[in-house]
Each structure stands twice: as structure tokens, then as C-alpha cells.
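Worksheet: the structure to be examined is printed underneath.
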Protein chains: 2
Amino acid sequence: MDFSSTALRVLRQVADSGSFTAAASQLGYTQSAISRQAAALERSAGAVLFERRSDGVRLTPAGLTLLRHARTILESVAAAEQEITASAAPTALVRLGMFPSAGAVLLPGVLARLATAAPHITVTTREGTTPALLRALRAGSIDIAVLTSRPPHRPSDGESPRLHIEPVEDTELLLGAPTTGLFAGRTAVHVDELVDAPWIAAPSTSTEPLLGVWPGLPGRPRIVHTTRDWLTKLQLVAGGFGVTTIPSRMSAVLPPGVSALRVQGVPQEVRRILTARLPGRPEPGITEVLRAVTSAL
Amino acid sequence: MDFSSTALRVLRQVADSGSFTAAASQLGYTQSAISRQAAALERSAGAVLFERRSDGVRLTPAGLTLLRHARTILESVAAAEQEITASAAPTALVRLGMFPSAGAVLLPGVLARLATAAPHITVTTREGTTPALLRALRAGSIDIAVLTSRPPHRPSDGESPRLHIEPVEDTELLLGAPTTGLFAGRTAVHVDELVDAPWIAAPSTSTEPLLGVWPGLPGRPRIVHTTRDWLTKLQLVAGGFGVTTIPSRMSAVLPPGVSALRVQGVPQEVRRILTARLPGRPEPGITEVLRAVTSAL
DNA sequence: CATCTGGTATGCGTAGTGCGCATGGACTTC
DNA sequence: GAAGTCCATGCGCACTACGCATACCAGATG
């Protein structure tokens, strides 16, 4: 019989929320994850803890028993956390989440700016997709999310609490192509030249609009490599193995052998960079970091 | 900040034992595992908890703080366990650990015997290597270990507590070969016929004496397939893709196409089957299962 | 009844974690 | 300095956690 504190938190939240789905959105997980956590908890407790009903979940007697202990355990955990972190250095911590290419193109600028403007702030970062970052934000595991969106820039999702969203900059999607070869010496290409191009894309989950390939091309694109890592992508392009899309700000950090080209013959592809945070008055450190993100661009 | 109860148990045991190594053997882990658990615990607590000294480990102030809370948390966990299992059915549970091929050749017999002789006993089983089973036994996560040993049958390991070990049966190692083909119609082979045979072995960790290949053959054996699974092994043999060693008791459950042959020209290879349990007077359920194991053979 | 709208379970694929094995470095003891 | 402690760590493997997509189920609504 072995419990992790996350499992106990799940139990508590399910008890408080009355359903797996609600608990999931409170905790920043998907419903699937909560369902499995619940099943695992029952397995490790050796008893049925949840009574699944058509309108949600209620705790069985065994579940209520465990809940009682879970609350005291979680209190102890919180107390321990309190005591231990109290003795540590009191530097302000801001947890930043951002879309993957932000790490290369704007994180260094943000950190550099903060190092002089607000050296007492410690920034930790993590990467993620837009939905993952929004979940993390609502769950309180990050303080700021740096996102991209494509037009039309509707308010991302309709869940509550409404997030405080602020546009930072509109940027243009460009084509990353080998400096030598087919497009050598050019500064732009026509979209018709791309229909049969070999693309280097991100692994897609069939739900996302296929990152890395120019949007709206007719037919099925010819994807020759897939990788999540930007350095890999760019080195593949430099090696002449394909082309990929790049945000315009990334042209500042392209390795030798890769050129950024505009694409003509179609309307500009605009990507908006924006920040999201929970509503209400932010802590001063968060404001400081938001300012650094805005001005680093 | 997220703690699993195993991590807290590790903390407590390290505090009580005074070293990672001692805690490891108490808890049935390797030293390596404890070292990593400790590092992970420090990472998740965000503080240095252990002071590594040349003669062991002592807790830092932060470690002592967490230890205090860990004890109360573990008490709550134990209390929860108590309450929940108290309301469950009071069937005796015996946890059996055994070497891999025992599952096929003797577990069915043991369970059948128990079903009539002691139907109130619930038996759970797991497989493992001899050292893993001995660790589990000492750690209290299994009640009985069913092991094999090869001569000389020395007392397995010298650690304390001394285990209560009882031989069950001596059995002979045989050769599993395709019924048709090179050895068709034979009941025995000479060891010289095996020097260039294609072997189907278990994946070896270079520390074990290479299971599945006849021991003591000159030269390096020609291993054509490796698998841990007995059914796979036997089906490969049946298909004529190689030969392997089998314990003599398994000849009762060989699939069609596989024959068990004696090996001549060398002394019999004897494998002893034995049971191990912690010393002292065993619970009645354990005695019952031990008796079933002995008499099922 | 058909359908829709809440809910939970589950197959699948992937990234991450836990752990054993082997080894290496630091320190103590003889 | 040789041997015996101890802890840390690279490697490989199996397992787990989780997200996505989908299936399924019960009650409300047409």
C-alpha cells in the first residue's frame, strides 16, 4: 500500500469537485489522467474508493476513510514544505511556460534583460503546446504562458477562469531553406514553387495543423523528416535535406547554410505572440517578467 | 514538492540505519536505488537532506525537519491501511515468489492442491531471479521464495537475517530439442553432439551463468535466439530453430514437436529446488503453502 | 425512439522514471 | 599502499504516466 501525494491530491480534489472531469480541469490534468490515477489509487488501496454515477463520482465508505487520512497527510506535506522552504533563500520565483521555438528566439533576451533589470528574480521555464500550457496555467504550476496563435485570434478557449491575455507582437512566418541549392541567392519564393518541396516537420498528433509545413498547400505535403528539435531541423535544412517553416524572429539565430525566405503569391502568414496569466493583480515578480518579455521583442 | 510514501520510507530508513547501503538491504533495494531515491527526494524537496560522510550518511537540519513530518505521514498511511483493510474480507494472503519456469511447471499443481486443502488461502505470485527474490523476502514483500540452485548448494548468501531454507527436490537438467530433425527418435544425446548446436538462451546479464545453454561446453556457444519467455523458447525449439535446456519437470508440459533428451558423456546436471522464508515461526497460511509446494512435486 | 449531452473507461503511442548492474571516486583502516 | 568501506553514476531495460482519440453508458430532450 503505497500512495504518492499527487494521488492523494487527486482523491481530495475528486471528493471536493464531485467528478473526475471537474477535478481534472482543476488540477491541470486531462480527464483520462484522473481516471487512471483513480484506478491506480484503488488498486494500491485494495478497495473500491469511488462510486461512479452517471452524474459524476461519489466516494464509497472506504474512499471517505482514506480521504480523512489523505487530508491530514497533505497537511503534513504542506507543513513540511513550509518549514523547509522557509529556511531557503527568499528569491522571487517566476515559472514561465512557452511554445517550443520561444526558447531559442526570445528566452535569452528575456533573461538578459531581467539579469540587469531585476536580478533578484529567478525564472524557471518549461516548454509545451498551447493546451498544455493553458492547463498548467490554470492549475497554478506556471505563472506565465507565452503562446502563439494564428488568425483569427479568438480567445483561445472558453473555460473559466478567463485568462488575462496580452498580445506581444505579430510576427511573420517565413520559409527556412538551404542557402545553396534550388533557392540560392533568393530572398523570396513563390508559393507554387513549394508544392512538391521536401518538408521537415514536427511530429504531428493529427489534431494540430501540422507544424513545419507551409499551411494551405494543395495536396498532401511530402514530409521527409520529422523532429521536434529546432537545432535538428535547422541542421537538416542546412544539409539540403528539406525546407521548413520558421518564425521570422528566428532568422537572427539561423546557423550557416540556412536562409529565411519570404513566401509570395499568398497573403502573409501572421503568427501572434502573446502572454497569458491568471486574472487579477499579479505579483510584482510576474509583472516584471511580463515587462521583460514584452520589451525583449 | 511531491513525495511518494516509498520516498519517505527511504528517508526514515536511512535516518534509522545511518547509511544508504544499510537502508537498501533493509528495504530490499540495491544501494544504487537508494542513492537515486535520495537524490530525487532532495530534488523534490529543493534542499540538501543528507550529509554524505565517508562512514555513511547523516541528516541535515532540513532532512531532520522532513523526517519529523515523514514519520507522522507514514503513521497516517499505516492507519489508513489498517482501517481500510480491516473492513475487507479476512482471507489469509500468502505472497509467493519464484524462479521463472516454476510458473509453468509447479504453480498449477500448488494452486490445485491448495484449492482443496486450504481454500481460504489466497496466493499471489511474482517471478524473479534468485537475488531479487531474496531481497524481496528480506524486505517483506513476499512470504515464500521458490528458488533453484546448482551444486554445490551453499547457503546462497551470507546476509542476515539467516533465512530458513528447505530443499524440496533435486531435478535433472535435460535438453529440449525438436522431435524431428537431427535427434529424431532419440532419447539421449552425447555432449559432444552439442558443441556446435544452435542455442536458444535467456538474455544474460553477463553475471549469470548463461541460462538455456548446456553448461560447461567448450568454446563460445552459438546463440541464435534469446528470449525470457518459456513458451517462445519451446515454440522456437518445436520449429526446429535451435535447442535449449529444460528442467526435467517441464517435460510434462512440452508442446508437440519438442522432446526432452538426456545428455550423456558428462555427470548429471542437478538442479535443486528449494523454498526460503524468513526465520521464526511462520504464520499458518505460510506453512500451508509450503506444504503444498513440497507435496505438489 | 433517436439523439444529444453530460459523464467515465480504455487502446495506443510516447516520454519519462525507477531500478539493477557494473564501475569509479573518495575516504578509512591496516 | 592495499583492501575495505562508502556513495555516485553511465547504461540499458522494463514499466509507468499521460495525452489523444474513441468507446461506452445513463439521463435529458426532441
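To find a chain, count down the sequence lines: A is the first, B the second, and so on, and within it residues start at 1.
No donor-acceptor contact under 3.5 angstrom links the side chains of A:Ser17 and A:Ser19, judged on distance only.
Between the side chain of A:Ser32 and the base of D:dC20, a donor-acceptor pair under 3.5 Å is found. Under 3.5 Å, the side chain of A:Arg52 and the base of C:dG6 form no donor-acceptor pair of N or O atoms.
Judged by closest nucleotide on DNA chain C, B:Ala40 is the one of B:Ala40 and B:Gln31 placed further toward the 5' end. Nearest-nucleotide assignment on DNA chain C puts the 5′-proximal partner with A:Gly56, out of A:Arg228 and A:Gly56.
Contact check, B:Tyr29 against C:dG20: no side-chain N or O comes under 4.0 Å of OP1 or OP2. The phosphate of C:dC27 has neither OP1 nor OP2 within less than 4.0 Å of any side-chain N or O from B:Ser54. Under 4.0 angstrom from either OP1 or OP2 of C:dT8 there lies at least one side-chain N or O belonging to A:Thr21.
Looking at the side chain of A:Thr30, the nearest of the listed nucleotides D:dA8, D:dG19, C:dC21 is D:dG19.
Here B:Asp229 contributes atom CG and B:Gln235 contributes atom CD; the two are 10.0 Å apart, rounded to the nearest 0.5 Å.
A straight line from CD1 of A:Ile34 to C1' of C:dT10 spans 16 Å, rounded to a whole angstrom. For A:Glu51 and C:dG7, the CD to P distance is 17 Å, given to the nearest whole Å. Computed from coordinates, the A:Asp55 CG to D:dC25 P distance equals 18 Å when rounded to whole Å. Look at CZ on B:Phe20: it is 14 Å from C1' on D:dT9, rounded to the nearest Å. Taking atom CG of B:Leu41 as the reference point, atom P of C:dG18 lies 11 Å away to the nearest angstrom. Here the C1' atom of nucleotide D:dC18 and the CG atom of B:Asp2 are 15 Å apart, to the nearest Å. What separates CZ of B:Phe50 from P of D:dC6 is a distance of 17 Å, to the nearest Å. For the pair A:Leu133 CG and D:dG19 C1', the interatomic distance rounds to 14 Å; values are reported in whole Å.
Residue-level contact check: A:Gln37 touches the backbone only, with heavy atoms under 4.0 Å from sugar-phosphate atoms and none from bases. Heavy atoms of A:Arg36 sit under 4.0 angstrom from at least one base atom. If you check every strand for non-hydrogen atoms under 4.0 Å, B:Ser19 touches sugar and phosphate atoms only.
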>> For A:Asp16 and A:Arg9: C-alpha separation, side-chain torsions, deciding distance, then whether salt bridge (Lys or Arg N to Asp or Glu O under 4.0 Å) applies.
In response: CA-CA 10 Å; A:Asp16 293 349; A:Arg9 264 185 273 267; over 6 Å; no
> Taking it one step at a time, do B:His225 and B:Trp199 satisfy side chain to side chain contact (heavy atoms under 4.5 Å, CB included)?
Replying inline: CA-CA 7 Å; B:His225 298 289; B:Trp199 290 101; over 6 Å; no
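A salt bridge does not link B:Glu42 to B:Arg36: none of the charged nitrogens lies less than 4.0 Å from a carboxylate oxygen.
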